[in-house]
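These numbers were taken from a predicted model, which means no experiment stands behind them.
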Amino acid sequence: MFLNREEITVHPLYRDPVHDFGFFRYDPNAIQFLDYEEIPLAPEAACVGLEIRVVGNDSGEKVSILAGTIARLDRDAPQYTKDGYNDFNTFYLQAASGTKGGSSGSPVIDWQGRAVALNAGGKTTTASAFFLPLERVVRALKFFQKGGESYTSKWEVVSIPRGTLQTTFLHKGFDEIRRLGLQSETELMARHASAQGETGMLVVDSVVPGGPAHNHLEPGDVLVRVNREVITQFLRLETLLDDSVEQNIELEIERGGTPLSVQLVVQDLHSITPAHFLEVSGAVIHPLSYQQARNFRFQCGLVYVSEPGYMLSRAAVPRHAIIKKLAGEEISKLEDLISVLSKLSQGSRVPLEYISYTDHHRRKFVLVTVDRHEWYAPPQIYTRDDSSGLWTVKPAFQLEFMLPSGVNVEATPMEHIHAYNHQGLTDGATSMETSSEHASAVLHSQNETVMLEDTIAKENVLLRDGQGAAAVANASIAERVIEPTLVMFEVHVPPSCMLDGVHSQHFSGTGVIIYHSHSMGLVAVDKNTVAVSSSDVMLSFAAYPIEIPGEVVFLHPVHNFALVAYDSSALGPVGVSAVQAAELLPDPALRRGDSVYLVGLNRSLQATSRKSVVTNPCATLNIGSADCPRYRATNMEVVELDTDFGSAFSGVLTDEHGRVRAIWASFSTQVSTLNKKYKKKRKTKLKVGSNTSEDHHFVRGIPVYAISQVLHNIISGGNGPHLLINGVKRPMPLIRILEVELYRTLLSKARSFGLSDDWIQALIKKDPVRRQVLRVKGCLAGSKAENLLEQGDMVLAVNKEPVTCFRDIENVCHALDIGESGGELNMTIFRQGRELDLVVGTDVRDGNGTTRVINWCGCIVQDPHPAVRALGFLPEEGHGVYVARWCRGSPVHRYGLYALQWIVEVNGKPTPDLDAFVNVTKELEHGEFVRVRTIHLNSKPRVLTLKQDLHYWPTWELRFDPETAIWHRQTIKALDCQNL
């Protein structure tokens with residue numbers, strides 16, 4: 001972007017492997033309206049006391065000019081970070097110009113308009129700024145100038161010789177070098193090495209293992225001569241190395257006062273600078289660079305994790321890890337890793353060994369679940385092409401979609417198990433093999449004996465603690481019955497699929513098995529553990545030591561629970577018999593004062609229980625909207641207890657016989673907090689506050705009546721939409737709901753609003769315990785009730801029957817035929833002192849959740865999910881597609897198209913839904929500027945432009961296929977490839 005706001009394309013041409021500079025190239029004919037001149041480079045003009053100006057965009061401000069005076073020419077290279085890029089083996093210039101972010105790369109010019117240095121960095125706590133000398137910049141530029149000055153789309157690659165010993169030197173003063181043992185004769189010779197007089201010499205600071213100087217040079221060695229020439233400055237040393245690539249040089253050093261001479265081979269610095277990387281499941285892996293090898297004291301070329309992405313972060317592999325072994329095979333270079341990955345099937349779980357730079361001497365072992373092409377593009381190799389300035393991409397290997405021989409079925413994902421064992425699966429609801437029944441009976445008996453022995457042991461422990469014998473017996477019965485039904489969840493959400501405002505990539509919690517047969521198992525769990533269907537679920541069973549994948553099959557549109565299926569055959573015959581399903585007891589409803597047993601799992605997969613008393617069986621939730629709209633439980637009554645195990649403990653509430661009355665579920669909410677900072681000034685305090693939001697979790701009981709209804713619909717069969725569970729089609733439960741958010745108001749308050757005494761008495765007669773009336777908080781945008789019910793309406797009756805709680809309305813909706821057109825309710829409401837009879841339509845929702853997402857220019861686009869619609873607003877322009885998230889470094893990041901808004905138009909064409917959005921964006925070409933009209937959640941419209949980049953950010957979609965129960969990734973448009 002030039003001063004007159006002309007924008008042109010630049011192409012990266014060269015970046016120095018060590019020093020902090022690089023070159024871009026551009027077409028000068030592309031600049032049409034600006035006359036400009038080049039800035040001459042004059043590194044020799046830099047001197048102490050020189051008045052300079054730093055011309056740049058300091059702090060992002062256009063054209064800032066900062067003044068300063070060069071104070072030093074021999075400052076050590078600044079140390080920016082311990083695990084990233086740092087310059088070394090060079091002096092820096094220093095001045096108190098006070099430059100900040102935005103000035104990096106700015107020319108440091110003298111009074112004649114010559115650039116004497118390049119602004120590189122500074123200290124944020126002081127005004128000190130650090131400038132890179134230009135000698136090596138000028139040298140590199142001369143190599144490019146030899147190649148000609150004509151601009152072409154393909155630039156002839158110019159080789160700039162760069163040599164290295166993989167050794168870091170520091171310039172130290174003679175006072176310190178004497179303490180290292182420097183001889184007096186050597187000091188005298190070095191002081192007279194130049195006309196200006198030297199003040200110090202170069203000392204070895206570190207040597208990279210495996211490099212040319214390894215086992216030859218040591219920290220503390222003082223460099224005296226190179227090829228019989230006295231060397232005391234970085235510039236001369238680097239010149240000798242660059243002119244001697246792949247040649248022998250002689251170094252004369254002093255080590256503790258003893259002269260030594262070593263012969264070393266100068267290595268090509270470009271050979272240890274990575275020019276390619278592997279991208280797999282969001283991870284970026286490449287040979288360890290010289291920069292990081294120097295930081296971490298590792299050998300160059302090892303397999304280095306630059307970004308762990310989804311697959312590796314799921315296994316807790318950190319950034320900067322060095323992969324040493326995968327699937328039992330040694331990994332010494334990137335090609336080894338690619339070879340091993342090519343042999344592994346999708347979903348296989350294999351061991352990985354790595355070491356961390358913070359702990360060099362111990363290897364760490366993790367299990368990695370291979371994700372090669374489900375959530376992300378297939379593994380790809382990116383290679384730097386200096387002739388075009390791009391990173392070219394190609395597949396890392398040919399994908400195989402067959403299960404390799406010898407793969408453990410228990411370690412394969414569910415879709416492969418379906419294909420592999422489909423012929424042997426049977427419907428457990430109808431029939432089982434006789435032999436399996438016999439084996440199950442024997443194993444069940446054995447497991448009962450083992451569990452009884454465990455129960456006796458636990459009872460003895462409790463008796464020693466002084467608890468009553470009767471309470472111990474009852475608690476142990478409930479725990480013994482329910483323990484084989486409990487499951488521990490580990491849920492991971494890929495960053496590319498964080499839909500519906502999901503606020504984390506990792507969740508864990510306890511679920512309960514509600515159905516178990518030899519062909520299928522179903523587990524109920526809260527939606528704060530399984531928030532979206534686009535996730536990877538692993539199940540660990542309390543009854544049997546095994547971990548298998550689960551498949552999200554149902555997300556209730558209102559209630560805070562989800563159903564996850566597992567393949568029982570993956571448990572093996574012993575596991576199938578040990579695992580049991582819980583008995584649900586939805587009726588009668590819990591009452592205040594009832595005794596229940598709270599049972600769950602600790603992190604050791606051991607059952608933990610306690611006896612509690614119900615203090616409130618019908619507490620109403622009131623969870624506010626989060627900053628980023630996400631699922632929140634509404635229109636629900638929950639169970640509160642007198643005592644529990646804290647907000648991190650989930651499980652079930654049972655009666656004394658182990659029958660499940662409610663699931664003890666986790667809920668998420670966002671709480672605004674006030675950050676307070678105090679500044680003392682004399683005896684007063686100045687308080688500076690700012691509102692922030694924090695995620696909080698709490699637990700409550702969810703009665704199982706809704707879970708029981710959904711389970712009945714899945715098991716009993718029926719017509720209509722279906723879901724695929726373990727290769728068997730099951731009916732998809734359809735939920736008819738009134739898409740209105742309600743809240744309760746006490747009848748005493750309702751009387752103040754003018755509600756008649758007759759209605760108050762009728763509602764008390766209907767429910768003498770709650771003594772409340774339901775009021776409308778808001779309608780979901782786009783629902784059939786949106787234009788009929790208003791905020792503040794009191795819902796008195798539905799179909800002439802008084803209603804006092806959410807379940808009353810649910811029961812009426814449940815009684816309506818799903819196929820019945822309209823599904824209307826005759827509602828009696830009280831609005832502003834008047835009674836009204838309205839016919840309000842209901843909506844039918846399934847349990848799939850969001851099943852389609854599109855990534856365009858780095859933003860994740862989906863249909864508005866219920867939490868967004870619950871805000872009560874959709875764009876009037878035929879709605880639009882909702883931007884759920886955005887990716888750093890993408891075009892939308894560059895041009896400011898962030899989340900929490902709708903895209904309603906692209907280049908003037910409406911995008912009311914995803915199909916229309918795809919049709920419009922498919923017509924856009926690479927590099928084309930696009931005009932986008934958006935509307936924010938606060939209803940504020942905006943128009944912006946962005947430049948599409950199909951090379952690095954192709955358009956793709958992820959869609960759930962109900963026929964196969966698999967998420968499929970499909971490329972919609974990319975550069976130089978066929979549209980799939």
Side-chain angles (χ1 to χ4, degrees), residues 488-493 495 498-511 524-532 535 537 555-562 598 600-603 608 610 612 614-653 662-677 687-703 741-744 777-778 806 849 865-868 870-871 884-885 899-900 937:
M488 180 65 73
F489 278 75
E490 288 289 335
V491 182
H492 295 269
V493 183
M498 295 186 68
L499 314 177
D500 298 353
V502 61
H503 59 286
S504 178
Q505 296 180 28
H506 177 246
F507 301 90
S508 61
T510 302
V525 67
D526 59 73
K527 289 175 68 174
N528 199 32
T529 301
V530 176
V532 291
S535 54
V537 181
L555 295 164
H556 199 282
V558 177
H559 290 285
N560 182 26
F561 75 86
L598 171 58
L601 297 176
N602 59 25
R603 283 299 175 183
T608 303
R610 75 184 310 160
S612 300
V614 175
T615 57
N616 189 350
C618 51
T620 303
L621 290 177
N622 184 20
I623 301 176
S625 297
D627 294 339
C628 177
R630 66 187 190 220
Y631 170 78
R632 57 188 178 92
T634 59
N635 297 353
M636 286 184 62
E637 290 184 341
V638 294
V639 180
E640 294 180 344
L641 302 179
D642 59 343
T643 56
D644 56 32
F645 288 109
S647 61
F649 185 87
S650 57
V652 294
L653 301 180
I663 64 171
W664 192 243
S666 176
F667 294 80
S668 175
T669 183
Q670 201 171 71
V671 178
S672 295
T673 59
L674 186 65
N675 291 337
K676 298 180 180 179
K677 298 180 181 179
K687 183 174 69 176
V688 181
S690 61
N691 286 322
T692 60
S693 296
E694 295 180 356
D695 289 325
H696 285 260
H697 306 277
F698 62 93
V699 282
R700 296 291 187 271
I702 302 177
E741 184 175 352
L742 304 169
Y743 67 100
R744 72 181 186 110
K777 186 175 184 179
F806 306 121
H865 55 90
V868 174
L871 300 177
R885 303 186 74 86
L900 308 184
L937 286 181

With sequence neighbours excluded, residues passing side-chain hydrogen bond (donor to acceptor under 3.5 Å, both in side chains) with [X]:
X      : result
His556 : none
Thr615 : none
Ser625 : Arg632
Ser535 : none

Would you say Tyr631's side chain and Asn560's backbone share a donor-acceptor pair under 3.5 angstrom?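 Indeed, once roles are kept as given, a pair shorter than 3.5 Å links the two residues.
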
Counting distance only, does the side-chain N/O of Gln670 pair as donor-acceptor with the main-chain N or O of Asp627 below 3.5 Å?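 Between the backbone of Asp627 and the side chain of Gln670 there is a qualifying donor-acceptor contact (under 3.5 Å).
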
When you compare the side chain of [Y] with that of [X], does any pair of heavy atoms fall below 4.5 Å?
X      : Y      : result
Leu937 : Val868 : yes
Thr620 : Phe806 : yes
Thr529 : Ser508 : no
Val639 : Asn616 : no

If I compare all heavy atoms of [X] with all of [Y], which pair ends up nearest, and what's the gap?
X      : Y      : result
Ser612 : Asp642 : CB-OD1, 3.5 Å
Ala899 : Ala884 : CB-O, 3.4 Å
Asp526 : Ser650 : OD2-CB, 4.4 Å
Thr643 : Arg610 : OG1-NE, 3.8 Å

What distance separates Arg885 CZ from Asp500 CG, expressed to the nearest 0.5 Å?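 Between atom CZ of Arg885 and atom CG of Asp500 there are 11.5 Å.
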
What distance do Phe561 atom CZ and Ile663 atom CD1 have between them, rounded to the nearest 0.5 Å?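 If we round to the nearest 0.5 Å, Phe561:CZ and Ile663:CD1 are 7.5 Å apart.
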
Which residues pass the side-chain contact (heavy atoms from CB on, under 4.5 Å) test with [X], sequence neighbours left out?
X      : value
Phe698 : Leu621, Ile623, Phe667, Thr669, Arg700
Ser668 : His503, Asn528, Arg630, His697
Thr608 : Asn602, Phe645, Phe649
Val699 : Asp644, Trp664, Ser666

side-chain contact (heavy atoms from CB on, under 4.5 Å) between Val493 and Leu499: does it pass, once the steps are laid out? CA-CA 9 Å; Val493 183; Leu499 314 177; over 6 Å; no

Apply the test side-chain contact (heavy atoms from CB on, under 4.5 Å) to residues Val525 and Thr510: give CA-CA distance (whole Å), side-chain angles for both, the deciding distance (0.1 Å), then the verdict. CA-CA 7 Å; Val525 67; Thr510 302; over 6 Å; no

Are Lys777 and Tyr743 in a cation-pi setup, meaning NZ or CZ lies under 6.0 angstrom from the ring centre and within 45 degrees of the ring axis?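 No, a cation-pi geometry is absent between Lys777 and Tyr743.
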
Listed by chain and number, what are the ring pair (Phe, Tyr, Trp, His ring centres under 6.0 Å) partners of Phe489, not counting sequence neighbours?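 Result, ring pair (Phe, Tyr, Trp, His ring centres under 6.0 Å) vs Phe489: none returned.
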
